[in-house]
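First the structure, in the form of structure tokens, and then the observations on it.
Lettering of chains follows the sequences in order, A, B, ..., and the numbering in each one begins at 1.
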Protein chains: 2
Amino acid sequence: MTDAACTVFVVDDDPSVRKGVQRLLRSAGFSTEGYTSAQAFLDGHDRAVIGCVILDLTMPGISGLQMQEALADSGSVLPIVFLTGHGDIPTSVRAMKHGAVDFLTKPVSDDMLLGAVRHAIERATVLEQEMREKHDIERRLATLTPREREVLTHLVRGRLNKQIAADLGTVEKTIKVHRARVMQKMQVRTLVALARLVQQAGIAVDSAG
Amino acid sequence: MTDAACTVFVVDDDPSVRKGVQRLLRSAGFSTEGYTSAQAFLDGHDRAVIGCVILDLTMPGISGLQMQEALADSGSVLPIVFLTGHGDIPTSVRAMKHGAVDFLTKPVSDDMLLGAVRHAIERATVLEQEMREKHDIERRLATLTPREREVLTHLVRGRLNKQIAADLGTVEKTIKVHRARVMQKMQVRTLVALARLVQQAGIAVDSAG
DNA sequence: TCACGCGTTGGCCCAAGGTCCAATTCCGTC
DNA sequence: GACGGAATTGGACCTTGGGCCAACGCGTGA
């Protein structure tokens, strides 16, 4: 994942700041997109793009913090670097608590800004990869029938076919069939790999010593 | 884990602040210990105690940020709530990046401080539990012979006994014996449970589809 | 009504794992 | 040199899992 394959969204109502930041980023090899307001960004940006956001705090309409929340609520994991001239400590702390990569104050040195952006892009790449894998797993999970999913949960708890059969009020042979289908649909050959998938997808399963 | 079972360490060179914070915390039901300097805290506090730290930023000798780093370097996971009268945004951001639970500025309301402390204690409880489990697993791992540990890594990658035997240049029967000993020493009965343990302990193992 | 997916069950055979027994070799320590 | 732990191997027996073929009932939608 090179920097050029990523996009830095610059959200700031001040045209001079926006242009200046974009010029700096472009000269450093990043693709950039400028937005004059949080609403314009929320409505207009391509959610499929991997990248990060450089976000002003105080803007007409939706503030930077509100946009951060809105973005998170929408399920986005786009890393955010705040860049503001009128911040205070409580605001910066709140932004960081909500997952911001950095909170920079104007004037900011080119190195500081570029460093923060590189860090954000790095995080974006990792998160994107994780999301891609998780969606892939969930896509496979969606192909399971209700019964197969039920068997799956028992399998990753380490239950034997016989035990699962007893739990579900059926016989071992039936579980064998479901089990084989689960393994096939989830595209794994070992139980360990299956457990790893389920755990990656973030499905809560009670463990059994 | 009740609040009373935890201790809040108050590190501040200003006696009036220290006393005031301690009085507030005690009235809220927390046990507290006061320290007049970061060095005194690093040298004197009981590392076995579960709790959190309320930390001043500017003190004679080691600063709050330096103490945060020193504590992290020493392997501590004690949550830190900064409380300062002379902070700035870069400092607060740096503190949050390094894992601080909160960064409060004086004057602070009782509710804000107590809320931050409760949050920190909650985090401490979770972290302590995780550390306890991890140490427990590592204690069991330490009882494995080098060969058994080698077999373990292959097992959690989903390899079959026969495959492991080929990899290690021996026969399946031998692996069976090692495998049985591994399961016994790690106190698990299923392969899934073993994989879970290894993963909890944070051991990096390449997965095999 | 018929095809289809789903859940179910049976039999059969083979592969793999789990558990007993016992034994050998090597190596460091007492 | 004896002793004990670690690693190794063998055999026997049982349990468990995996694959393959076949079949039945049931509800849904074509």
Using a cutoff of under 3.5 Å, can you pull out all pairs of nitrogen or oxygen atoms linking the protein to nucleotides 21-28 of chain C, with atom names and distances?
none

Next item on the list: Any salt bridge (Lys or Arg N to Asp or Glu O under 4.0 Å) involving residues 60-80 of chain B? Give me the pairs, sequence neighbours left out, ordered by first then second residue.
Entry: B:E69-B:R94
Margin query: Under the criterion side-chain contact (heavy atoms from CB on, under 4.5 Å), I'd like the reasoning laid out for A:E148 against A:T143: C-alpha separation, chi angles, the key distance, then a yes or no.
Written below: CA-CA 9 Å; A:E148 285 165 358; A:T143 68; over 6 Å; no
Next item on the list: I would like to know whether A:L155 and A:V198 meet side-chain contact (heavy atoms from CB on, under 4.5 Å); could you show each step before the answer?
Entry: CA-CA 10 Å; A:L155 282 177; A:V198 169; over 6 Å; no
Item checked: Toward the 5' end of DNA chain C, by each residue's nearest nucleotide, A:K185 or A:G169 -> A:K185
Note to self: So B:K162, base contact, sugar-phosphate only, or nothing? Heavy-atom distance under 4.0 Å.
What the structure shows: sugar-phosphate
Margin query: Whether B:H178 contacts D:dA6 is assessed here as follows: a side-chain N or O lying under 4.0 Å from the phosphate OP1 or OP2. Is that the case?
Written below: no
Notebook entry, point to check: Atom CD1 of A:I175 to atom P of D:dG19: distance rounded to whole Å?
Noted result: 16 Å
Notebook entry, point to check: When B:P79 is tested against each of B:E122, B:H119, B:R123 for side-chain contact (heavy atoms from CB on, under 4.5 Å), which residue passes?
Noted result: B:R123
Item checked: Below 4.0 Å: OP1/OP2 of C:dA16 and any side-chain N or O of B:N161 -> no
Check: If you check every side-chain atom of A:E148, which of C:dG7, C:dG18, D:dT16 has the closest atom?
Finding: C:dG7
Item checked: A:R18 and A:D14 ion-paired at < 4.0 Å -> no
Check: So B:V177 and B:K173, side-chain contact (heavy atoms from CB on, under 4.5 Å) or not? Walk me through it.
Finding: CA-CA 7 Å; B:V177 176; B:K173 181 62 182 105; 3.7 Å; yes
Next item on the list: Starting at atom CD of B:E172, determine the distance to atom P of D:dG10, rounded to an integer number of angstrom.
Entry: 11 Å
Note to self: Is A:T145 close enough to C:dG7 that one of its side-chain N or O atoms is under 4.0 Å from OP1 or OP2 there?
What the structure shows: yes
